[in-house]
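Per chain, numbering begins at 1; letters A, B, ... match sequence-line order.
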Protein chains: 2
Amino acid sequence: MKIGEIAKAAGVTTSRIRFYEKRGIIAPAARDANGYRDYPVELVSLLKFIEQAQGLGFTLKEISSVEVRADDHPISCAEAIDLLTVKLRSVEALIVEAKDRKRRIEALIGELAGREQSAA
Amino acid sequence: MKIGEIAKAAGVTTSRIRFYEKRGIIAPAARDANGYRDYPVELVSLLKFIEQAQGLGFTLKEISSVEVRADDHPISCAEAIDLLTVKLRSVEALIVEAKDRKRRIEALIGELAGREQSAA
DNA sequence: CTTGACCTTAAACCTAGGTTTAAAGCCTAT
DNA sequence: ATAGGCTTTAAACCTAGGTTTAAGGTCAAG
């Protein structure tokens with residue numbers, strides 16, 4: 001499949017695919033006689049997986065560290081669970097931080113509202 | 001006060017202060033005869049305010065839009081409450097998104113754990 | 001009178017994840 | 001054979017919020 005076809009199938013841009021290849025996040029494509037990249041149809045699901053992982057808060061660096069393993073032998077369930085657990089902890093930390101931020105903003109609003117009351 | 005003094009008092013770097021000045025987030029400093037910046041002591045509290053606002057999730061752009069007003073006449077309580085409320089909504093949205101992300105990661109872990117069980 | 005600590009500027013560099021552009025080559029239909 | 005739509009590359013550009021560096025000026029102490 002040519003880069004435009006695979007891009008359309010996966011719902012990403014061609015520039016993004018070339019960018020991923022340059023960064024080593026996906027394997028270098030085979031080339032046709034004319035130099036055009038020729039990708040296997042399986043890449044579509046990998047590209048979709050990358051999007052999903054990004055949606056879960058994984059960086060490309062983290063994703064790529066899993067991908068490299070995929071070339072060799074697939075990552076084990078236990079390893080995947082470990083990675084996900086680490087990410088889970090940081091998402092939980094983010095929630096705690098965001099809640100605290102929310103609390104502080106609410107307190108500030110309350111304070112200002114009170115001031116407005118007494119000024120009125 | 002020279003830039004190093006004000007930086008120390010506010011707990012920020014000198015490069016950051018120059019950066020803020022260049023970006024128009026703080027007013028250009030008066031200059032001594034030798035060309036050194038000469039800042040009023042009040043800038044310390046402004047710099048601390050900027051830090052606080054960043055901690056609440058405001059971008060420098062947002063902060064600067066408030067600061068510009070401060071040159072003219074101080075922002076009103078009602079206006080401040082409006083800005084804070086907008087920010088509050090986005091923090092709440094972030095919390096919702098993060099919780100959803102957490103839920104999805106947990107589901108994935110559960111799925112993998114189940115698979116490991118049946119493989120064992 | 002020189003050393004060291006401070007100050008000045010512009011411009012380059014950094015992370016992250018790409019997009020955009022320029023200049024060129026290829027392919028298909030007409 | 002030529003128009004348009006695809007492809008190639010390297011390199012520059014983008015946001016955000018700064019830091020770092022280079023090359024130089026200033027000031028107080030010893």
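- Put simply, CD on A/E62 is 16 Å from P on C/dT15, counting in whole angstrom units.
- Here NZ of B/K48 is found 10.0 Å from CD of B/Q52. Values are rounded to the nearest 0.5 Å.
- Side-chain proximity of A/I3 to the nucleotides C/dT8, D/dT8, C/dG17 is greatest for D/dT8.
- We find that CZ of B/R23 is positioned 10 Å from P of D/dG18, with the value rounded to whole Å.
- Note: A/I105 CD1 to B/T85 OG1 = 9.5 Å, rounded to the nearest 0.5 Å.
- Here the rule is side-chain contact (heavy atoms from CB on, under 4.5 Å) with B/Y20, and of B/L47, B/L43, B/I63, B/V12 only B/L47 fits it.
- Across the helix from C/dC1-D/dG30 to C/dT30-D/dA1, the helix axis at one end is tilted relative to the axis at the other end by 30° (nearest 10 degrees, each axis from five pairs).
- Nearest nucleotide to the A/K2 side chain, out of D/dG18, D/dT7, C/dG18: D/dT7.
- For B/T13 and D/dT19, the shortest distance from a side-chain N or O to OP1 or OP2 is below 4.0 Å.
- Residues B/F58 and B/A33 each lie close to DNA chain D; by heavy-atom proximity, the contact nearer the 5' end of the strand is made by B/F58.
- Annotation: cation-pi pair A/K87/A/F58 present, NZ/CZ under 6.0 Å from the ring centroid and within 45° of its normal.
- Whole-Å rounding puts the B/I17 CD1 to C/dT8 C1' distance at 15 Å.
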Quick one: which protein N/O atoms are closer than 3.5 Å to N/O atoms of nucleotides 9-13 of chain D? Pair and distance per line, please.
residue : atom : partner : partner atom : Å
D/dT9   : OP1  : A/R31   : NH1          : 3.3
D/dT9   : OP1  : A/R31   : NH2          : 2.9
D/dT9   : OP2  : A/R37   : NH1          : 2.8
D/dT9   : OP2  : A/R37   : NH2          : 2.7

Between the protein and nucleotides 21-26 of chain C, are there any N/O to N/O pairs under 3.5 Å, and if so, what are the atom names and distances?
residue : atom : partner : partner atom : Å
C/dG25  : N2   : A/Y36   : OH           : 2.8

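- With contacts defined as side-chain heavy-atom distances shorter than 4.5 Å, the pair B/L56/A/L108 qualifies.
- Contact check, B/Q54 against D/dG18: a side-chain N or O comes under 4.0 Å of OP1 or OP2.
- Atom CD in A/E51 sits about 12 Å away from atom C1' in C/dG17, given to the nearest Å.
- Phosphate proximity of C/dT19 to A/S15: present, with a side-chain N or O under 4.0 Å from OP1 or OP2.
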Q.
Could you go through A/K2 and A/R37, starting from their C-alpha distance and side-chain angles, then the distance that decides it, and tell me whether this counts as side chain to side chain contact (heavy atoms under 4.5 Å, CB included)?
A. CA-CA 6 Å; A/K2 282 190 290 184; A/R37 285 176 179 79; over 6 Å; no

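- The residue among B/G4 and A/K61 whose nearest nucleotide of DNA chain C lies closer to the 5′ end is B/G4.
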